[in-house]
Amino acid sequence: MNLRPRPRVAAVPAWGDGGAPLSEQGWRTAVVVWHLVVAAMLGTALVRAVGVVDADGGPRALLVGALGVLAVGWVGLGAPALTGRDPRRATAYLALLVAVIGVVAWIEPSLLFLMFLAYPQVWFIVPTVPAGVVWTVVLAVASTTGPFVAWARGDEPLWGPGETLVGMVFSLAMGLWVHGLLAKSEERAELIQQLEATRAELAEAHHQQGVLAERERWAREVHDTLAQGYTSIVVLAQTAAAQLPGDPGAAAERVALIEEVARENLAEARAMVAAFAPVALDSATLREALERLAERFGRETGLPTRLDTAALAEDAGLTRSEEIVLLRGAQEALANVRRHASATAVVLRLSHVGDVVSVHVEDDGVGFDPADAAGVGLAGLRDRAEEVGGAVDVASAPGRGTRVTVRVPTR
């Protein structure tokens, strides 16, 4: 249960959220118990003070009056100092307590059982530990002066003042010990708060990392699907426009391809929103998806494009994520052939060697130096392959064509 922070105006450490040795209800119960103990002990002392034999009535009246003042002081000063941690009221009440104990010790030492009440009160309402030590010693001196004078006159044995001093030592030891325990409790509570704050920061960092990863994944998906589809549409539209004056039939065929590509792009967009998976794999195997991809690429570009699956086992044991990586790899490689290769033929190979399934896309185009190539497509493809434990290799040289290989391990 959370507690409202209290000002540090007591030797008992401030009880902040999570650091209290008692719950809020427990603290209220403790305060009620304090009231009952004070009422019981002061009531007992008053009853015994009224019964003190005194010829002239003066000392007895002073004793009863002092105890009555202490009771009023507890209600007006002590209790508010305990519950509100008011240092001025605490000081005033402790001064009154010392004075009353001094009167009790001087007139009727048998009532010094009130020290069992006085010593704990010191530690609950003083501002600091040093102040607790000082007030405990002052209280002990006040309670010892009367019995010591009586011992000096021979009216009382020495064990009376001795008991008071032993009580002082016990009070100091208990007060310091309890304070040490509560200080450790407060330190532990602060450490817990720091750990909770650190955990919240880590959770926020993980959230931000997840958001960034999701953005990167969406960027790869858009690049590998919609962007490539739009590129095909642009190229087909340019070809159709060029063919329209001289060959309307060929232009009409290109327009039909534009419609087909646009529909597939729309289906890809809907699939990304619905399930984030390629439409080509919804109701087909990876081999069939690659066959359709090669056939469409050939129709769009006019390049001889074939798929070689002679080295593929019947059951490659691929997961959907691994199939997506291979399909996206083939799409990215073909998109690069369309844009940059100036090739005359393209071959796709799907192979299964050992525990690795690979897609190879080879062209006989102009080639390039892979060390100088930097693009979003290949970088995103490498990231995607690494997510499933795979890899991407690019082999090319100027004038010698290009081979892009995407490998994924089987499970």
Self-check item: Distance, nearest 0.5 Å, that separates CG of Leu77 from CG of Leu96
Solution: 7.0 Å
Quiz item: Trp74 vs Trp34 aromatic rings, parallel, tilted or perpendicular, using cut-offs 30° and 60°?
Solution: tilted
Quiz prompt | Closest non-hydrogen atom pair, Leu46 against Val64 | solution = CD2-O, 3.8 Å
Exercise. Walk me through it: do Arg328 and Ile324 pass the test side-chain contact (heavy atoms from CB on, under 4.5 Å)?
Key: CA-CA 6 Å; Arg328 294 303 190 215; Ile324 291 174; 3.9 Å; yes
Exercise. Rounded to the nearest 0.5 Å, what's the gap from CG on Leu290 to CG on Leu348? Could you check?
Key: 6.5 Å
Quiz item: Can you list the steps and then say if Leu318 with Leu326 is a side-chain contact (heavy atoms from CB on, under 4.5 Å)?
Solution: CA-CA 10 Å; Leu318 295 172; Leu326 294 174; 3.7 Å; yes
Self-check item: Salt bridge flag under 4.0 Å for residues Glu295 and Arg299
Solution: yes
Quiz item: Do His340 and Phe368 touch side chain to side chain, with heavy atoms closer than 4.5 Å?
Solution: no
Practice problem: Just do the side-chain contact (heavy atoms from CB on, under 4.5 Å) check on Val104 and Leu67 with the steps written out, would you? | Solution: CA-CA 8 Å; Val104 169; Leu67 292 174; 4.0 Å; yes
Quiz item: Between the side chain of Asp364 and the main-chain N/O of Gly401, is any donor-acceptor distance below 3.5 Å?
Solution: no
Exercise. Say whether, by atom type as modelled, one donor and one acceptor occur between the side chain of His352 and the main chain of Gly354 under 3.5 angstrom.
Key: yes
Practice problem: Mind running side chain to side chain donor-acceptor pair (under 3.5 Å) on Arg287 and Thr309 for me, showing each step along the way? | Solution: CA-CA 8 Å; Arg287 186 202 308 260; Thr309 60; 2.9 Å; yes
Quiz item: Do the non-hydrogen side-chain atoms of Val359 and Thr405 ever get within less than 4.5 Å of each other?
Solution: no
Exercise. Measure the spacing between CG of Leu114 and OH of Tyr119 and express it to the nearest 0.5 Å.
Key: 12.0 Å
Practice problem: Evaluate the side-chain proximity of Val357 to Glu322: yes if any heavy-atom separation is below 4.5 Å, no if none is. | Solution: no
Quiz prompt | For the student: nearest non-hydrogen atoms of Ala343 and Asp363, plus distance | solution = CB-CB, 3.8 Å
Quiz item: Looking only at heavy atoms, which two atoms of Val337 and Val346 are closest? And how far apart?
Solution: CG1-CG2, 3.8 Å
Quiz item: Rounded to the nearest 0.5 Å, what separation is found between the CG atom of Leu334 and the OG1 atom of Thr305?
Solution: 7.0 Å
Exercise. Please name the pair of heavy atoms, one in Glu323 and one in Leu286, separated by the smallest distance, quoted to 0.1 Å.
Key: O-CD1, 3.8 Å
Self-check item: Under 3.5 Å donor-acceptor, Glu386 side chain and Asp383 backbone
Solution: no
Practice problem: Taking the side chain as every heavy atom from C-beta outward, state whether Asp355 and Pro409 have any pair of such atoms under 4.5 Å apart. | Solution: no
Self-check item: Side-chain (Ser396) to main-chain (Pro370) donor-acceptor, under 3.5 angstrom
Solution: no
Quiz item: Nearest 0.5 Å, what's the CZ-CZ distance between Phe297 and Arg338?
Solution: 5.5 Å
Quiz prompt | Spatial distance of atom CE (Met41) from atom CG (Leu36) [nearest 0.5 Å] | solution = 13.0 Å
Practice problem: Indicate the atoms forming the closest heavy-atom contact of Ala118 with Leu139, along with that distance. | Solution: CB-CD2, 3.4 Å
Self-check item: Flag side-chain contact, heavy atom, 4.5 Å: Leu62 against Val103
Solution: yes
Quiz item: Is a side-chain donor or acceptor of Glu332 paired with a backbone partner of Gly329 at a separation under 3.5 angstrom?
Solution: no
Exercise. Using a 4.5 Å cut-off on heavy atoms from C-beta on, say whether the side chain of Leu97 contacts that of Val100.
Key: no
Self-check item: Verdict with reasoning, Ser351 to His360, per side-chain contact (heavy atoms from CB on, under 4.5 Å)
Solution: CA-CA 8 Å; Ser351 64; His360 312 268; 3.4 Å; yes
Quiz item: Which pair of heavy atoms, one from Phe113 and one from Arg48, lies closest together, and at what distance?
Solution: CE2-NH1, 3.7 Å
